[in-house]
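Only one structure is covered here, and it is reproduced in the block below.
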Amino acid sequence: MSPASCAAIRGRAITFRANPFEVPPSDSLLVEDDALIVMKDGRISAFGAYDVVKAALPEGVTPVHYKDCLISAGFIDTHVHYPQLPVIAAWGEQLLEWLETYVFPAEAAFADEAVARDMAKHFLAELMRCGTTTAAVYCTSHPQSVEAFFAEAERLGARMIAGKVLMDRNAPDALRDTVQRGYDESSALIDRWHGKGRQLYAVTPRFAITSTPEQLEAAGDLLRRDASIFMQTHLAENLTEVDAVRRLFPDRRSYLDVYDHAGLVRPRSVFGHAIHVEEAELCRCHETGAALSHCPSSNLFLGSGAFRLFDALDSKRPVRVGLGSDVGAGTSLSQLRTMGEAYKVAQMTGRRLHAAQALWLATAGAARSLELDDRIGVIAPGMEADLCVLDPHATPLLQYRASHCESLEDLLFALTILGDDRCIRATWVGGACVHNLERDGGQ
C-alpha cells in the first residue's frame, strides 16, 4: 500500500514538546483541543489549531473528524517476536524452560514459507489494530521468516525494523545456523531490505547463551558495514540466564561486556529487558548511546524481575529507554496495556510513573531510543504520518471513568490502566488509514 497522496484528520491531539523525565510531565505535553493534521506523500505537511490550519487544506480534501478522541503519534514497540504469537499465554515456565517448551517448537514451524507469510500477515494486522506503527521485530533463524515479514510491512507501508535470529549453539538442530551461514544469510537480507522504502534491518543474535563468541564477532562485522544498521538482542532478563552467561564467558566482566567485546554495544543497539544489570553496565549504555527495551508485562508473566526504569533514566547518565511488548512472554501487543504494566512495575520499585511519561516511552522516547526521532514519535510538520486515534470512551467502564476525569492527564492515565486494543479507533500509516475500528470491526 503506497502512502495516500493527501489526507487530513481532525480532533484533539496530544504530542510532546519536551522529555517528561527532564521537565515536569504536564509541561512536556503539547495539546491542541481542536487540531487539524494534514498529510501529504506520507508525511505531515501541516499541524495546528483547526481554525488556523484549515487554510492549508488542499482543495477537495475533507478531514476525517474523530470527535471525543485523542490523536497521538503511532505507538512504537522496541522489542517483540512475531513468531511467538501462537504461544502467547503459554502456562507455567520461567525464561529458559519457556523457550525450550514453547518458543523453539513454535519457531521451527517457520521453515515452512507459507507459515511465515501467514503469521506475518496476522502479526502486522494485530499491531495496526493496537495502534503500533513501528516495531523492532525478531524473526526466526530462517531467512524466509524475514522475507515474509518485510514483504508484508512493505505492502502496508509501515516503518519496521527486523532481522534473522542468529543461533549457532544451545538450540534445537532445526533452529541452529553456523557462524558463516548466519553471516551470509544476514548479509543478503541487509542488501535486499535495509533502507528499502521504510524497512530497516537489525542484526539479531538471540542472546549470548545461543551464540558462540565467533558468531557474536561475526555479528559485529555485519554492523561495521554500515552505521545505520540496527542490532537487537537480550540482556540480563533472568538470574538463571545471567549465571549461564557467566559460565559460558568467564573472561568477560559482565553480561553487557560479552556484547561489547564483539562490537555490539553502540548507537542503534537495543537490549531487551536488562533487569539484572549493574551500574557499570548502565554507564556503558549511556556512554555508547545503546538503548534498553522495558518489557514489563513479559517480566511479570515470566517472574523475571522488575526493571529499574528510573535508575536507567537517572539524569546523571541517562540511558535511552523505550517500551516493548515482547510477545509471547508478554501478555498483549497493546502498548496501552504495556504502559499500564510499566506503571505497576514502577510502583513495585517505589516510583510513580506519570501518564505523560508512559506515553513518552511508547512514542517519542521509543523513537529516540531507536534513533528515529527525526522521523517518527511526535506530531509535527515534516514527520512521517504515522498516527493512532484513541477512544477514551471505548468501553462502558472507560466511558464512566472519563466522565469523572478532571484533566487531560487524568484521562490519559485512565486510558493507560483501563485501555487496550478496543480503544484504538483508527491507525494511520504513512498518511493512509490501515485500521478503522468501525470499518474493520471490533468488540
Side-chain angles (χ1 to χ4, degrees), residues 11-12 14 66 68-82 84-90 122-135 293-301 322-347 353-363 366 386-405 408-429 433-443:
R12 193 180 196 187
I14 180 171
Y66 294 106
D68 301 319
C69 289
L70 289 175
I71 304 171
S72 167
F75 293 138
I76 300 166
D77 192 330
T78 62
H79 181 98
V80 60
H81 298 254
Y82 99 85
Q84 294 180 9
L85 204 58
V87 296
I88 191 171
H122 280 88
F123 174 82
L124 280 159
E126 188 69 13
L127 279 190
M128 301 301 124
R129 205 171 63 80
C130 291
T132 298
T133 53
T134 293
S293 180
H294 177 24
C295 305
S297 66
S298 169
N299 300 156
L300 293 171
F301 182 75
L323 283 185
S325 67
D326 200 15
V327 172
T331 53
S332 172
L333 284 170
S334 167
Q335 286 293 67
L336 283 176
R337 287 188 60 183
T338 305
M339 290 157 64
E341 297 300 278
Y343 172 80
K344 298 171 192 175
V345 169
Q347 287 281 76
L353 183 66
H354 191 278
Q357 293 172 327
L359 182 63
W360 165 269
L361 292 170
T363 55
D386 296 343
L387 304 161
C388 68
V389 182
L390 305 169
D391 181 1
H393 310 93
T395 68
L397 179 58
L398 261 172
Q399 185 169 4
Y400 180 77
R401 178 66 177 87
S403 70
H404 290 78
C405 288
L408 176 63
E409 288 93 337
D410 191 19
L411 182 64
L412 186 57
F413 183 69
L415 266 170
T416 67
I417 299 302
L418 301 175
D420 54 31
D421 54 282
R422 294 171 293 179
C423 297
I424 307 302
R425 173 72 66 82
T427 304
W428 289 72
V429 165
C433 186
V434 296
H435 166 67
N436 181 298
L437 188 63
E438 295 176 355
R439 178 193 68 204
D440 301 334
Q443 299 300 316

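In this text, all values refer to a predicted model and were calculated from it rather than measured experimentally.
By the 4.5 Å heavy-atom criterion applied to side chains, F75 and T363 are counted as neighbours. Two residues are said to be in side-chain contact when any heavy atoms from C-beta on lie closer than 4.5 Å; V389 and I424 fail this criterion. T395 has its side chain out of reach of Y400: every pair of non-hydrogen atoms, C-beta onward, lies at least 4.5 Å apart. Taking the side chain as every heavy atom from C-beta outward, V345 and N299 never approach each other to under 4.5 Å. Using a 4.5 Å heavy-atom cutoff, the side chains of L333 and L85 are in contact. L359 has its side chain within reach of M339: a pair of non-hydrogen atoms, C-beta onward, lies under 4.5 Å apart. Using a 4.5 Å heavy-atom threshold, the side chains of P296 and L323 count as touching. Put simply, the side chain of L408 reaches to within 4.5 Å of the side chain of L70, judged on heavy atoms.
Residue A414 comes nearest to C405 through the heavy atom pair CB-SG, 4.5 Å, listed as atom of the first residue, atom of the second, then distance. Nearest heavy-atom pair across S293 and T78 is OG-OG1, 2.7 Å. Taking both residues in full, the closest heavy atoms of Q84 and V327 are given as OE1-O, 2.9 Å, listed atom of the first, atom of the second, then distance. Across all their heavy atoms, A402 and P392 have their closest contact at CB-O, 3.8 Å. Of all heavy-atom pairs between C388 and A73, the closest is SG-O, 3.7 Å. Here the closest heavy-atom approach between residue T427 and residue G131 is recorded as OG1-CA, 3.5 Å.
Within the model, atoms CZ of R12 and CG of L390 stand 12.0 Å from one another, a figure rounded to the nearest 0.5 Å. Expressed to the nearest 0.5 Å, how far CG of D410 lies from NE2 of H404 amounts to 11.0 Å. We find the CD1-CG distance between I14 and L412 to be 5.0 Å, quoted to the nearest 0.5 Å. Here NE2 of H393 is found 11.5 Å from CZ of R401. Values are rounded to the nearest 0.5 Å. D326 CG to S332 OG: the interatomic distance, rounded to the nearest 0.5 Å, is 12.0 Å. Summarising the geometry, atom CG belonging to D420 is positioned 8.5 Å from atom CZ belonging to R129; distances are rounded to the nearest 0.5 Å.
Checking side-chain atoms of Q335 against main-chain N and O of I76 turns up a donor-acceptor pair under 3.5 Å.
Ring geometry for H81 versus H79: interplanar angle over 60°, hence perpendicular rather than tilted (30 to 60°).
Side-chain atoms of E341 and T338 form no donor-acceptor pair, as typed in the model, at a separation below 3.5 Å. With hydrogens and angles left out, the side-chain atoms of D77 and S325 include a donor and acceptor closer than 3.5 Å.
Under the rule for a ring pair (Phe, Tyr, Trp, His ring centres under 6.0 Å), the partners of F123 that lie at least two apart in sequence or sit in another chain are Y82.
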